[in-house]
2 protein chains.
Amino acid sequence: MSMRETVNLRRLSEVLGLSQTTVSRALNGFPEVNEKTRARVVEAAQRLNYRPSASAASLATGKACAIGHVVPLAEHMMINPHFSDFLAGAGEVYAQFGYEMLLRVVAQAEEADVYRDFASRSRVDGVVVHGPLTNDPRIPLLKSLGLPFVVHGRSDDGTGDYSWLDVNNRRAFCRATGFLADLGHRRIALINGLEAMNFASRRRQGYESVLADRGLEQDPSLIFSEDMVEPYGHRVARQLFSSPRPPTAILVSSVLPAMGVVRALAELGIRPGADVSIIAFDDCLSFLQPASDGKARDVPFLTAMRSSIREAGRRVAEMLLEQIAAPDGGRRHELWEAELVIGETTARCPVEQTPLPAAAKS
Amino acid sequence: MSMRETVNLRRLSEVLGLSQTTVSRALNGFPEVNEKTRARVVEAAQRLNYRPSASAASLATGKACAIGHVVPLAEHMMINPHFSDFLAGAGEVYAQFGYEMLLRVVAQAEEADVYRDFASRSRVDGVVVHGPLTNDPRIPLLKSLGLPFVVHGRSDDGTGDYSWLDVNNRRAFCRATGFLADLGHRRIALINGLEAMNFASRRRQGYESVLADRGLEQDPSLIFSEDMVEPYGHRVARQLFSSPRPPTAILVSSVLPAMGVVRALAELGIRPGADVSIIAFDDCLSFLQPASDGKARDVPFLTAMRSSIREAGRRVAEMLLEQIAAPDGGRRHELWEAELVIGETTARCPVEQTPLPAAAKS
DNA sequence: TTGTAGGCGTTATCAA
DNA sequence: TTGATAACGCCTACAA
């Protein structure tokens with residue numbers, strides 16, 4: 001049996017000897033339909049494999065039943081693992097509620113055009129804003145377009161008049177820095193993300209405020225701000241440990257550069273934990289999770305501030321769908337705290353513990 | 001100026017004092033339109049920010065201008081970096097040709113339903129099949145649905161009657177195994193992907209055929225087959241090097257488990273290259289690429305069989321769009337060879353070179 | 001409880 | 001070169 005001919009509402013209603021209206025109502029769960037009729041209709045629809053055409057339904061209802069995500073395609077960059085885990089979470093929710101996830105991979109400069117296109121062509125019912133900058137121009141643009149949106153992160157536009165979900169990045173980096181300071185570390189490096197991004201500048205604020213509070217030296221040569229890829233961490237770590245005064249601890253904004261740091265340390269014969277403490281922000285990226293075989297988890301390798309970005313994706317998607325369902329429901333804001341999880345890469349500062357020459361670090 | 005009211009074809013034609021027909025033709029580049037008229041129309045459309053409604057256009061033309069991708073959501077799994085880099089490549093092409101990329105994140109068991117939904121609701125004009133199994137049931141299903149598709153990989157269904165793009169995985173693993181054997185390695189482990197997947201079983205074939213050809217021992221305890229995540233490589237490497245007869249070389253099916261292997265070796269004090277040779281299949285995942293700062297690249301760390309999965313995504317997307325444009329154009333097949341790139345993780349087998357006790361490997 | 005008729009915003013056919 | 005007019009397939013007042 002070839003299923004190639006698509007059966008539409010008219011065909012189905014003809015087969016049933018009913019009007020299109022009744023069939024439509026029966027399938028869409030209207031209460032006034034006779035239950036016997038409904039049963040007949042549902043059965044026939046199933047048998048003939050009828051489903052309403054997406055574009056016809058959209059046209060008639062004005063709802064696209066789709067959410068847009070724009071993937072910025074910077075230079076030689078990339079749909080990175082943070083991004084894709086977020087999408088995985090959001091996508092689960094969309095699928096569950098019958099929404100389509102629509103992805104546009106375009107150069108960053110064209111992002112505004114995409115939103116205009118989404119709006120004027122009624123392609124989507126809403127969008128998620130990724131990687132907000134401080135005073136991000138996308139926010140006023142989306143407002144003016146009347147396109148519902150939720151921001152993953154915050155933009156600090158002064159008004160706060162938009163829905164967002166964010167991790168408390170400042171607090172997370174405060175706690176991590178404080179934790180290292182408590183262990184006796186005095187020279188703490190920060191391998192941060194791009195500080196044009198709001199989350200990264202917040203992280204730096206957290207780090208710097210603790211250094212200031214505790215009267216620790218603030219050395220600009222210990223601070224880095226780039227795209228969070230593995231080779232970045234590798235390069236910076238090699239640079240740091242070839243300098244005359246290397247740090248005794250490092251804060252890293254993502255496990256990706258943290259892996260690079262660990263790789264560099266291995267090459268240099270420096271032991272994470274024993275010789276240098278490392279704390280990374282851990283988004284629970286899926287490819288780093290051990291297969292859950294029911295066994296209890298070991299002590300994690302990396303000490304980390306942890307918050308699942310995939311869970312964030314789920315929640316942001318839910319918030320957006322709620323907002324679309326109830327446009328006048330007001331803005332929603334959620335601020336999540338990251339866990340501080342102790343692994344094997346942090347220990348008391350060896351320099352302080354034994355005020356003798358530290359382990360060879362060339 | 002609020003742009004919230006969407007201007008449609010009727011409004012635009014009223015403003016211009018023309019019929020909808022003429023306006024539509026002018027905008028869609030029909031040749032019979034007076035050039036002066038066309039100029040007027042284009043100008044007005046731009047000024048009023050008119051764009052045809054996506055669903056209305058779809059309904060009228062029967063084209064969805066969208067391509068579907070199904071992201072399998074296994075257990076605690078994941079939209080992994082291989083997948084997302086492929087999507088990034090494909091997405092570039094779609095955006096370029098005015099196609100939408102549509103993602104469905106669903107449990108593996110529901111994938112067939114998604115295709116049925118796509119087809120019966122005319123949601124998409126085609127789909128990409130990811131991670132084909134041998135005799136993959138999705139292929140006959142998609143054929144029966146009349147939904148155009150291209151397979152990333154091959155399914156070996158006997159007929160080959162479908163379009164695909166694949167890397168020559170067998171040859172790549174032949175070459176890599178041969179290269180290690182040439183370096184004097186006799187005990188070579190294989191940390192493979194899930195061999196239910198066609199690509200993984202081909203890789204194993206390549207590996208085994210070279211062992212057989214060269215009369216090397218085939219030890220089943222050196223072969224592993226799991227999901228290609230980082231902790232997998234870590235766990236297996238620890239297991240291998242706590243065994244009485246560890247391998248002197250390891251083939252790894254992805255850089256993700258390879259990173260885990262390297263991490264385990266670091267913990268054990270075993271040096272990649274010098275003590276154990278490692279070759280990984282490198283899909284050129286973006287988060288592992290150094291920022292291209294114009295400088296010449298260093299010697300890569302990992303010796304690898306290399307083929308850009310993102311480039312594959314681009315090409316698969318092109319093939320699919322071509323097939324949609326010319327449905328009778330026949331099947332297209334492309335088999336890509338992976339490069340063998342020498343890095344720092346391969347060297348002559350130390351055991352053979354010095355037939356003395358190898359470096360401590362406990 | 002069911003049916004009729006009109007509209008959603010395009011594109012496409014035919015006539016002028 | 002332009003314009004009526006009819007699809008496209010669904011939803012939804014309004015009427016029966």
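All chains are named by letter (A, B, ...) in the order of the sequence lines, taking the proteins before the strands, and each is independently numbered beginning at 1.
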Which distance, rounded to the nearest 0.5 Å, do you find between the [atom1] of [X] and the [atom2] of [Y]?
| X | Y | atom1 | atom2 | result |
| --- | --- | --- | --- | --- |
| A:E322 | A:I324 | CD | CD1 | 10.5 Å |
| B:N8 | B:S13 | CG | OG | 8.0 Å |
| A:L147 | A:D125 | CG | CG | 8.5 Å |
| B:N135 | B:D156 | CG | CG | 8.0 Å |

Of all the nucleotides listed ([options]), which has the minimum atom distance to the side chain of [X]?
| X | options | result |
| --- | --- | --- |
| A:V33 | C:dT2, C:dT10, D:dG9 | C:dT2 |
| A:S53 | C:dT2, D:dG9, D:dC11 | D:dG9 |
| A:T37 | D:dT2, C:dT1, C:dT10 | C:dT1 |

Think B:N28 has a side-chain N or O under 4.0 angstrom from the OP1 or OP2 of C:dT11?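 True: B:N28 side-chain N/O within range (under 4.0 Å) of C:dT11 OP1/OP2.
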I want to check one thing: is the phosphate of D:dC11, taken as OP1 and OP2, less than 4.0 Å away from some side-chain N or O of A:S24?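 Yes.
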Grab the [atom1]-[atom2] distance between [X] and [N] for me, whole Å please.
| X | N | atom1 | atom2 | answer |
| --- | --- | --- | --- | --- |
| B:F30 | C:dA12 | CZ | C1' | 8 Å |
| B:R40 | D:dT1 | CZ | C1' | 13 Å |
| B:E35 | D:dT2 | CD | C1' | 15 Å |
| B:E32 | C:dC14 | CD | C1' | 13 Å |
| A:N8 | D:dC8 | CG | P | 8 Å |

What are the residues of residues 10-22 of chain A, sorted by number, that bring a heavy atom to within less than 4.0 Å of DNA chain D?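 Hits under 4.0 Å, by residue number: A:R10, A:Q20, A:T21.
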Start at the 5' end of DNA chain D and walk down; is the nucleotide closest to B:N34 or to A:L59 reached first?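 Mapping each residue to its closest nucleotide by heavy atoms, the 5'-most match is B:N34.
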Can you confirm whether more than 12 heavy atoms, excluding those of A:E32, are under 6.0 Å from its CD atom?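 More than 12 heavy atoms, drawn from other residues, nucleotides or ligands, come within 6.0 Å of this atom.
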Whether over 12 other heavy atoms sit under 6.0 Å from B:R331 CZ: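 For B:R331, atom CZ is crowded (more than 12 foreign heavy atoms under 6.0 Å).
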Under 3.5 Å, is there a donor-acceptor pair linking the side chains of B:S155 and B:D157?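 Distance-only check fails for B:S155 and B:D157.
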Presence of salt bridge, A:E14 and A:R11, under 4.0 angstrom: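 Looking at A:R11 and A:E14, the cut-off is not met.
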Does any donor-acceptor pair link the side chain of B:R25 with the base of D:dG3 at a separation under 3.5 Å?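 Donor-acceptor pair under 3.5 Å: yes.
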End-to-end axis angle, where each axis spans five pairs of the helix from C:dT1-D:dA16 to C:dA16-D:dT1, to 10°: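 Axis angle across the helix from C:dT1-D:dA16 to C:dA16-D:dT1, nearest 10°: 40°.
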Which part of the nucleic acid, if any, lies within reach of B:L9 when heavy atoms closer than 4.0 Å are counted: base, sugar-phosphate only, or nothing?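 If one applies the 4.0 Å heavy-atom cut-off, B:L9 turns out to touch a base.
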Verify whether the ring centers belonging to A:H69 and A:Y94 lie closer than 6.0 Å.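 Yes: the rings meet the under 6.0 Å criterion.
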